[in-house]
Amino acid sequence: MSEKLWDGRFTEGTDALVERFTASIDVDRRLHEWDIEGSIAHARMLAETGVITAEEAETLARGLKEVRREIAAGEFVYDDSLEDIHMHVESRLFEIVGKVAQKLHTGRSRNDQVALDIRMYLRAEIRGLLQAVVRLRKALVALAEAHIGAVLPGYTHLQRAQPVLLSHHLMAYYEMFTRDGERLRDALGRIDAMPLGAAALAGTTYPIDRDSTARQLGFSRITENSMDTVADRDFAIEFAAAASICMMHFSRLSEELILWSSAEFGFVEIADAFTTGSSIMPQKKNPDVCELVRGKTGRVYGDLMALLTLMKSLPMAYNRDMQEDKEPLFDAVDTLKMTLEVYTRMLPNITFKTDVMAAATTTGYLDATDMADYLATRGVPFREAHHVVGKAVGFALARGRELHELTLAELKQFSDHIEEDIFSFLSVPQMVDRRRSAGGTATANVRAAIQKAREVLEASFPAEKGGGD
Ligand code: ARG
């Protein structure tokens with residue numbers, strides 16, 4: 001049995017299995033950087049307020065930096081009996097600087113310490129994710145710009161509905177990922193509150209200066225209530241929810257790319273570097289990246305559910321249950337980060353078979369709505385026009401032809417209002433470009449949307465000001 005930092009009241013050592021069971025070091029060692037930075041700031045604040053001397057604070061800071069160096073160099077020795085990263089850092093500090101190390105924990109508890117570490121970790125990760133989201137959005141806009149003019153069927157119920165621009169379809173995803181970035185930024189705003197000083201749950205008797213710690217660590221404010229500070233993880237749940245929504249969007253895009261790369265659609269070909277083959281069927285080229293993103297979406301949802309379930313019903317304030325928050329949180333961060341990276345790289349490596357897409361817009365009666373519109377603009381009430389065109393569709397269907405393949409005489413059976421100009425009216429480019437309502441698929445609109453996106457992206461600096469690490 002090793003000596004514990006908390007074992008004053010204990011007469012027996014911890015059971016070896018319990019030691020293994022309660023240890024979180026394998027997971028929370030990832031927080032070391034933030035743990036040490038937080039401790040240095042805490043020590044300096046203690047000196048500023050006269051709780052320890054300036055010399056002691058500098059000794060602690062020097063020792064902590066040495067611990068940081070050892071961890072970075074891979075020299076640091078981890079040991080389950082020291083439970084978590086906080087204990088590891090502190091006991092190594094003791095070995096390096098001696099007894100003064102025991103002053104570091106003045107006015108602090110692991111409960112507020114871990115809350116700080118997670119917030120600092122998540123703050124740094126979200127800043128990186130925000131930049132990754134911007135890169136993804138740029139890749140989408142570049143694709144939209146490169147394919148302006150290409151058309152494909154727009155679908156509802158996965159049935160061909162109306163022709164749309166491929167760029168419009170891609171810009172729909174741009175909008176989704178833009179909101180995902182906004183959600184992450186919102187989460188960042190609520191993470192930006194410094195928890196240290198809440199101590200175990202009730203605050204501390206020392207004359208600490210929490211604002212100073214906050215300033216040193218680049219937080220714009222401190223948390224308000226000491227119990228809430230150590231008891232809640234809503235900021236982590238909020239992040240996981242934002243990550244889940246972003247993954248949901250990726251999953252939908254993936255599903256479309258999987259469908260589109262099937263022989264049945266044949267709309268896209270994903271480059272070899274982003275697909276894999278089959279060990280038995282030599283002809284295969286599978287969209288595995290897309291499939292894995294779809295699969296990993298479930299994983300991130302699982303992380304969100306794990307966090308929500310973990311926190312459900314916990315009485316105030318800190319409970320050890322909360323130690324279980326890190327695995328799902330880290331997993332959600334890692335999965336989202338990797339997905340953003342792999343997608344940003346894959347997007348320019350997708351070939352859109354615009355001829356196949358265009359051909360698909362000419363069959364399946366994608367012009368039926370426009371034919372009704374044609375009649376409506378010539379005075380036929382829309383409901384009646386809808387019915388008339390329905391009859392024409394039935395007529396064409398029975399003959400295995402499309403509306404635009406019927407002769408003028410055949411079309412005239414359904415309405416006297418139909419004239420020769422119906423054929424150009426039903427051409428795909430005209431159908432697309434007539435949809436000029438704000439947000440519609442007309443080429444002019446989509447060009448404007450791309451231009452606007454370009455401007456927004458150029459002006460976009462995802463790093464929050466006032467919150468340097
Ligand atoms: N390893 C703990 C966690 O992650 C740190 C806080 C422990 N506090 C305590 N009183 N046991 O939650």
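Remember, it's 1-based here, ligands and their atoms both numbered in the order they're listed.
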May I ask you to list the atoms of ligand 1 that are less than 4.0 angstrom from any heavy atom of [X]?
{"X": "Asn111", "result": "6 (C), 7 (C), 8 (N), 9 (C), 10 (N)"}
{"X": "His86", "result": "5 (C)"}
{"X": "Ser24", "result": "1 (N)"}
{"X": "Asp84", "result": "1 (N), 2 (C), 5 (C)"}
{"X": "Lys326", "result": "3 (C), 4 (O), 12 (O)"}

Spacing of CD1 belonging to Ile350 relative to SG belonging to Cys290, to within rounding of 0.5 Å: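 Taking CD1 in Ile350 and SG in Cys290, the distance rounds to 6.5 Å.
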
Nearest-contact summary for atom 12 (O) of ligand 1 - protein heavy atom, Å: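 Nearest protein contact, heavy atoms only, for atom 12 (O) of ligand 1 is Tyr318 OH, 2.4 Å.
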
Shortest protein heavy-atom distance from atom 11 (N) of ligand 1, along with the residue and atom involved: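 Its nearest protein heavy-atom neighbour is Arg110 NH2, 3.6 Å.
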
Residue pair Arg252 / His249, side-chain donor-acceptor N/O under 3.5 Å: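 His249 and Arg252 do not have a side-chain donor-acceptor pair below 3.5 Å.
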
CA sep, side-chain torsions, deciding dist, call: Arg108, Ser39, side-chain hydrogen bond (donor to acceptor under 3.5 Å, both in side chains): CA-CA 10 Å; Arg108 186 176 74 169; Ser39 287; 2.8 Å; yes

side-chain hydrogen bond (donor to acceptor under 3.5 Å, both in side chains) partner of Thr223, chosen from Thr229, Asp112, Asp232: Thr229

Where Ile126 and Leu184 come nearest, the two heavy atoms and their spacing: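 Heavy atoms only, the tightest pair is CG2-O, 3.7 Å.
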
Ligand 1 N/O within reach of Glu83 N/O, cut-off under 3.5 Å: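 No; every N/O pair is 3.5 Å or more apart.
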
Within 6.0 Å of CE in Met316, more than 12 heavy atoms from elsewhere: yes

